[in-house]
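Notes follow once the structure below has been shown.
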Amino acid sequence: MQISIHARNIDADAAVREHVQRRLHFALGWAQQHLGRVSVVLCDLNGPRGGADKCCRLRCALPGTPEMVIEDTQADLATAIDRVADRAGRTLARRLARERDGRHTRARPTVPDDELRPAPASGATATAVRENRGQ
C-alpha cells in the first residue's frame, strides 16, 4: 500500500504526516494486499478565519471497483484524520465482504432473446379468434 499525502492551505509538518500514515496503516493495513495507492489530501477550507474547517479527503480503490472517496471536516485536523481512517476501514471491509460473497458482481448471465420478449396478452388472442369465427 502506497500512501501519498498532499496539503493545501495548511502546514502539514512531519508529525501530521506521521499521524496520517500511522492511522491508515492501523485502519487499512489488514487489506494492504488489495490496495495499491491511497491518496490523502489535507486542507484548511477557511484559511486563518478558524472554525470547523480542517478537511481530510481519502481516495483509494480496489481493482475492478469504483474509486472510494471518504471526506470529513472538523475543527481539529487530527480528529478529521482519525474519522476518515476509521470510515475507510469499515467501508473497505464491506466492499471486500460483498466481493467475497459474490454480491454486486459485474458479470451478468446471458439470457436468450426469446425469454426477454413479453408473452402475448391472452385478451388480444381471444379477441382475434372471435372475430374470425363471426365471419
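Quick note: residue numbers are just sequence positions, from 1.
Of all heavy-atom pairs between L24 and A85, the closest is CD2-CB, 4.0 Å. Between R95 and L62 the shortest heavy-atom distance is CB-CD1, 3.9 Å. The shortest non-hydrogen separation linking N9 to D44 is O-CB, 3.2 Å. Between H6 and S39, the closest heavy-atom pair is CD2-OG, 4.0 Å. Closest approach of C56 and L42 over heavy atoms only: SG-CD2, 3.8 Å.
Put simply, CZ on R57 and CD on E71 are 4.0 Å apart, with the number rounded to the nearest 0.5 Å.
Side-chain atoms of T91 do not come within 3.5 Å of backbone N or O of A88 as any donor-acceptor pair. Of the possible donor and acceptor atoms, one in the side chain of D53 sits under 3.5 Å from a partner among the backbone N and O of N46. Within the 3.5 Å criterion, the main-chain N or O of A12 finds a donor-acceptor partner in the side chain of R17.
When side chains are defined from C-beta on, R37 does not count as touching C60, because their heavy atoms never get closer than 4.5 Å. Between D72 and R87, some side-chain heavy-atom pair lies under the 4.5 Å cut-off. Contact check for I5 versus Q21: side-chain heavy atoms found under the 4.5 Å cut-off. Residues L45 and C55 form a side-chain contact, since some pair of their non-hydrogen atoms from C-beta on lies under 4.5 Å apart. Counting only heavy atoms from C-beta outward, the side chains of L96 and H34 approach each other to under 4.5 Å.
Under the side chain to side chain donor-acceptor pair (under 3.5 Å) criterion, E67 pairs with R59, sequence neighbours left out. For D86, the side chain to side chain donor-acceptor pair (under 3.5 Å) partners two or more places apart in sequence, or in a different chain, are R23.
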*Could you please spell out the steps behind the side chain to side chain contact (heavy atoms under 4.5 Å, CB included) verdict for L28 and L92?*
CA-CA 8 Å; L28 304 176; L92 186 60; 3.8 Å; yes
*Apply side chain to side chain contact (heavy atoms under 4.5 Å, CB included) to the pair V38 and Q2, showing each step before the final yes or no.*
CA-CA 6 Å; V38 177; Q2 182 183 17; over 6 Å; no
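Residues I3 and V41 do not share a hydrophobic cluster, defined by chaining ILVMFWY side chains whose heavy atoms lie under 4.5 Å apart. Criterion: ILVMFWY side-chain heavy atoms under 4.5 Å apart, direct or through other members. Under it, W30 and V84 are part of a common hydrophobic cluster.
Applying the 6.0 Å contact sphere to CZ of R22 captures more than 12 heavy atoms from other residues, nucleotides or ligands.
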